[in-house]
**Q** 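The structure follows.
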Amino acid sequence: QVQLVESGGGFVQPGGSLRLSCAVSGLIFRTMGWYRQAPGKQRELVADIISGGIPNYGDSVKDRFTVSRDNAKNTMYLQMNSLKPEDTAVYYCRGDVGYWGQGTQVTVST
């Protein structure tokens, strides 16, 4: 059984940082990514990374977020710095095509 489990979400003030994790079991994905969906908006790409490749970022998070993978732990991370209220969303991890985690809420607010 393939599982993707996100963790690390929470509440943070503007300018703060959070680190999300996506632990994978049951499969090793070539491509993994982080997506987010805010209320009333479409799900959008935050960042993705091919194993051993160069990360790709959405325009709104470039220079603030960093995606990485630990192949030994089969885990992907998203380091989020300089968070803004507009980063508030449910963050999902995705493996290749069709595998999704359950999501973790990130709220940026005063």
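All values derive from a computational prediction rather than experimental measurement.
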**Q** Using side-chain heavy atoms (C-beta onward) and a distance below 4.5 Å, is Gln13 in contact with Val108?
**A** no
**Q** Ring-plane angle category for Tyr99 and Phe29, please: parallel below 30°, perpendicular beyond 60°, tilted otherwise.
**A** tilted
**Q** To the closest 0.5 Å, what do you measure between CD1 (Ile50) and OG1 (Thr31)?
**A** 4.5 Å
**Q** What is the distance from atom CG of Leu45 to atom CG of Asn56, rounded to the nearest 0.5 Å?
**A** 6.0 Å
**Q** Do Lys84 and Pro14 have side chains that get closer than 4.5 Å, going by heavy atoms?
**A** no
**Q** Please find the pair of heavy atoms, one from Leu4 and one from Gln102, that lie closest to each other, and give the distance.
**A** O-OE1, 3.5 Å
**Q** Who passes salt bridge (Lys or Arg N to Asp or Glu O under 4.0 Å) against Asp63, sequence neighbours left out?
**A** none
**Q** So Thr66 and Tyr57, do their side chains get closer than 4.5 Å, heavy atoms only?
**A** yes
**Q** Apply the test side-chain contact (heavy atoms from CB on, under 4.5 Å) to residues Ser7 and Val5: give CA-CA distance (whole Å), side-chain angles for both, the deciding distance (0.1 Å), then the verdict.
**A** CA-CA 7 Å; Ser7 61; Val5 179; 5.7 Å; no
**Q** What distance separates Glu44 CD from Trp34 CH2, expressed to the nearest 0.5 Å?
**A** 14.5 Å
**Q** Taking the side chain as every heavy atom from C-beta outward, state whether Ile49 and Arg69 have any pair of such atoms under 4.5 Å apart.
**A** yes
**Q** Going from CG on Asn81 to CG on Leu18, what distance comes out if it is rounded to the nearest 0.5 angstrom?
**A** 9.5 Å
**Q** So Arg36 and Tyr92, side-chain contact (heavy atoms from CB on, under 4.5 Å) or not? Walk me through it.
**A** CA-CA 6 Å; Arg36 67 187 182 186; Tyr92 299 89; over 6 Å; no
**Q** Considering all heavy atoms of both residues, which atom of Cys93 and which atom of Met76 are nearest to each other, and what is their separation?
**A** CB-CE, 3.7 Å
**Q** Just wondering, are more than 12 heavy atoms of other shown residues or ligands nearer than 6.0 Å to CD1 in Ile28?
**A** no
**Q** Are the side chains of Ser109 and Thr88 in touch, meaning some heavy atoms are under 4.5 Å apart?
**A** no
**Q** Closest heavy-atom contact between Met32 and Cys22?
**A** CE-SG, 3.9 Å
**Q** Aromatic ring centroids of Tyr35 and Tyr91 under 6.0 Å?
**A** no
**Q** Would you check if Asp48 and Val67 make a side-chain contact, meaning some heavy-atom pair closer than 4.5 Å?
**A** no
**Q** Write down the atom of Gly9, the atom of Leu20, and the distance for their closest heavy-atom approach.
**A** N-CD2, 3.5 Å
**Q** Checking Asp70 against Thr75: is there a side-chain donor and acceptor pair closer than 3.5 Å?
**A** no
**Q** Rounded to the nearest 0.5 Å, what's the gap from OG on Ser17 to CG on Leu83? Could you check?
**A** 6.0 Å
**Q** Less than 6.0 angstrom from the centroid, inside 45 degrees of the normal: does Arg19 satisfy that with respect to the ring of Tyr77?
**A** yes
**Q** Answer whether the closest heavy-atom distance between the side chains of Ser60 and Glu86 falls below 4.5 Å.
**A** no
**Q** So does Asp87 pair up with Arg64, basic N to acidic O under 4.0 Å?
**A** yes
**Q** Treating Glu6 as the side-chain partner and Gly103 as the backbone partner, does any N or O pair qualify as donor plus acceptor under 3.5 Å?
**A** yes
**Q** Hey, what do you get for OG (Ser68) to CD (Gln79), rounding to the nearest 0.5 Å?
**A** 8.5 Å
**Q** Answer yes if Val61 and Val106 sit in the same cluster of Ile, Leu, Val, Met, Phe, Trp and Tyr residues linked by side chain heavy atoms under 4.5 Å apart, and no otherwise.
**A** yes
